[in-house]
Participant: 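Take this structure, written in structure tokens, and hold onto it; I'll ask about it next.
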There are 2 protein chains.
Amino acid sequence: MPAPEKPAARRTTRKVKGKPAPYHHGNLREALLEAGLELLRRDSAESLGLRELARQAGVSRTAPYRHFESKEALIAAIAEQGFLRLQAYQDEARRRHPDDVEAWFLEGARQYIRFAVDHPEHLKVMFGPYISHTPDQTDHPLYAVGNATFGKLVELVVSAQKAGLVRAGDPVEVSVSVWSLLHGFAMLLVQKQLDFLHLGPGRLAALAEQAAHDTLAAVRASPAASSAPRRRPPSR
Amino acid sequence: MPAPEKPAARRTTRKVKGKPAPYHHGNLREALLEAGLELLRRDSAESLGLRELARQAGVSRTAPYRHFESKEALIAAIAEQGFLRLQAYQDEARRRHPDDVEAWFLEGARQYIRFAVDHPEHLKVMFGPYISHTPDQTDHPLYAVGNATFGKLVELVVSAQKAGLVRAGDPVEVSVSVWSLLHGFAMLLVQKQLDFLHLGPGRLAALAEQAAHDTLAAVRASPAASSAPRRRPPSR
DNA sequence: AAAAAATGTTGACAACGACAACATCGTGCC
DNA sequence: GGCACGATGTTGTCGTTGTCAACATTTTTT
């Protein structure tokens with residue numbers, strides 16, 4: 001990528017002896033987010049501490065408060081970033097298969113899992129218990145981007161319904177099932193909860209591909225009513 | 001429930017003025033676990049602190065260390081308890097439908113969700129990032145009970161495969177898909193991640209029922225016997 | 001150039017997890 | 001019966017953390 005370099009942080013992580021370390025960092029905000037991800041990647045746990053981050057960024061302990069109201073706000077910012085990235089993954093699936101809804105669907109599922117594998121630390125923060133996912137704070141930017149991400153899924157489901165690929169019904173409800181399988185698989189992966197299966201990289205890929213197909217199967221329209229979006233057949 | 005009462009903690013939560021508060025609590029271990037669940041239920045967050053628990057149990061701050069090696073050990077104990085409870089929920093599904101595999105499967109799915117609704121705090125601890133779900137500690141009792149819980153699911157899947165209800169293939173892999181959908185739905189529920197849908201209790205029940213059916217659909221054997229090797233779907 | 005806003009720093013406080021040393025209770029052993 | 005010992009609970013202390021207040025320095029605006 002020959003793109004123009006970033007303004008380049010004056011301090012990356014540690015003080016440089018040659019220069020007297022400028023009083024202002026330059027781009028602390030980004031550096032903190034980056035350091036936060038790095039810490040989550042390594043330590044994987046809840047150890048993420050403001051002071052630790054400040055240390056990592058070569059800055060003093062309360063400096064982060066000039067950029068984030070609280071620890072939780074910082075984590076929320078990382079989560080927000082994560083949702084945007086996940087949306088990019090979803091967009092990629094659509095871009096690759098603009099004309100084939102089934103391929104789009106399957107690729108979307110794969111991309112969700114791929115995101116989890118590529119950026120587990122983001123996923124953990126997005127859906128972990130770190131952010132007080134309480135109540136009426138629907139004006140928080142995190143909510144907006146989260147809803148937008150879910151919205152992309154609903155769009156896909158609506159398209160699939162129109163094509164007769166996915167069963168009819170409230171697209172939001174269908175989307176919840178789709179999301180559930182992918183989210184569950186991704187979270188189990190990310191939290192090492194499947195390690196007891198001793199899956200090598202090949203076996204993991206097979207599991208992921210299977211999960212993608214099963215996701216479609218979970219909401220697939222019954223073949224009888226392929227192009228006629230109707231209510232489910234009278235089974236009971 | 002006319003069952004015999006427990007030995008009755010001498011101290012429940014607060015000191016009683018009448019008695020000089022006996023030096024020994026009597027059943028601190030249970031009291032701590034109970035208080036931990038209570039805290040998780042109320043505060044829902046990571047606030048769970050040893051000192052706080054000790055306070056709640058009317059005991060002094062380092063007393064818990066006589067019963068749990070560390071905070072993480074205490075949380076692991078709660079998680080273990082949760083897995084046992086989840087197994088009981090699963091057993092109930094089997095008990096209700098010993099002869100009908102499809103009904104057993106559906107009820108098992110419902111029971112998983114019911115467990116999440118009934119004991120969200122347990123679920124959060126079982127699958128949250130609190131316990132360092134690391135590596136070779138496969139001898140930890142938590143691993144054993146976790147594996148046993150998954151084992152129950154695999155049993156169900158194997159039975160369903162034999163009956164031609166669920167597609168053939170490695171039952172563990174099939175079980176992962178089943179688990180993924182249920183786990184994903186349960187976690188989204190428990191972490192209030194679906195609140196933006198504004199689901200009333202009725203709508204939630206509908207969603208849950210749909211999730212149960214979609215779970216079966218995700219791994220159902222195709223009626224045309226595409227991948228079902230020997231068994232014919234005798235439509236039961 | 002002066003004022004104001006942004007950004008970074010040190011000091012302080014309360015809370016926490018964990019360890020050590022000590023106190024008290026109960027139980028088994030002679 | 002007495003007593004030693006282990007189980008259990010307590011206080012003291014240390015290092016760490018999140019957060020606020022007060023102060024310092026830099027950048028931007030007027």
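Reminder, nothing fancy here: chain letters follow the sequence lines and each chain counts from 1.
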Participant: Taking CG from Leu32(A) and P from dT7(C), how many angstroms apart are they, rounded to a whole number?
Facilitator: 12 Å

Participant: Which residue pairs pass the ring pair (Phe, Tyr, Trp, His ring centres under 6.0 Å) test when at least one of the two sits in residues 43-73 of chain A, sequence neighbours left out?
Facilitator: none

Participant: Measure CZ/Arg51(B) against P/dT10(D) and give the value in whole Å, please.
Facilitator: 13 Å

Participant: Could you pull out all residues at least two apart from Glu155(B) that satisfy salt bridge (charged side-chain N to carboxylate O under 4.0 Å, His left out)?
Facilitator: Arg94(B)

Participant: Just how far, in rounded Å, is P of dC25(C) from CG of Asn27(B)?
Facilitator: 18 Å

Participant: Who passes salt bridge (charged side-chain N to carboxylate O under 4.0 Å, His left out) against Asp118(B), sequence neighbours left out?
Facilitator: none

Participant: What distance separates Leu37(B) CG from Leu32(B) CG, expressed to the nearest 0.5 Å?
Facilitator: 11.0 Å

Participant: In whole angstrom, what separates Leu53(B)'s CG from dC16(C)'s C1'?
Facilitator: 12 Å

Participant: Expressed in angstrom and rounded to an integer, what is the separation of Leu28(B) atom CG from dT10(D) atom C1'?
Facilitator: 12 Å

Participant: Pull out every residue in residues 61-72 of chain B that has a heavy atom closer than 4.0 Å to any atom of DNA chain D, ordered by number, or say none.
Facilitator: Arg61(B), Thr62(B), Ala63(B), Arg66(B), His67(B)

Participant: Once salt bridge (charged side-chain N to carboxylate O under 4.0 Å, His left out) is applied, do any residues pair with Arg96(B), and if so which ones, sequence neighbours excluded?
Facilitator: Glu92(B), Glu107(B)

Participant: Nearest whole Å is fine: how far is dC16(C) P from Ile75(B) CD1?
Facilitator: 14 Å

Participant: Glu209(A): which residues meet the side-chain hydrogen bond (donor to acceptor under 3.5 Å, both in side chains) condition with it, sequence neighbours left out?
Facilitator: Arg110(A), His213(A)

Participant: Looking only at side-chain N and O atoms, does Arg55(B) come under 4.0 Å of OP1 or OP2 in dC16(C)?
Facilitator: yes

Participant: Could you check how far CD of Glu52(B) sits from P of dA14(C), rounded to whole Å?
Facilitator: 17 Å

Participant: In whole angstroms, how far is the C1' atom of dA15(C) from the CG atom of Leu48(B)?
Facilitator: 15 Å

Participant: Would you mind telling me which of dT10(D), dG17(C), dT19(D) lies closest to the side-chain atoms of Leu50(A)?
Facilitator: dT19(D)

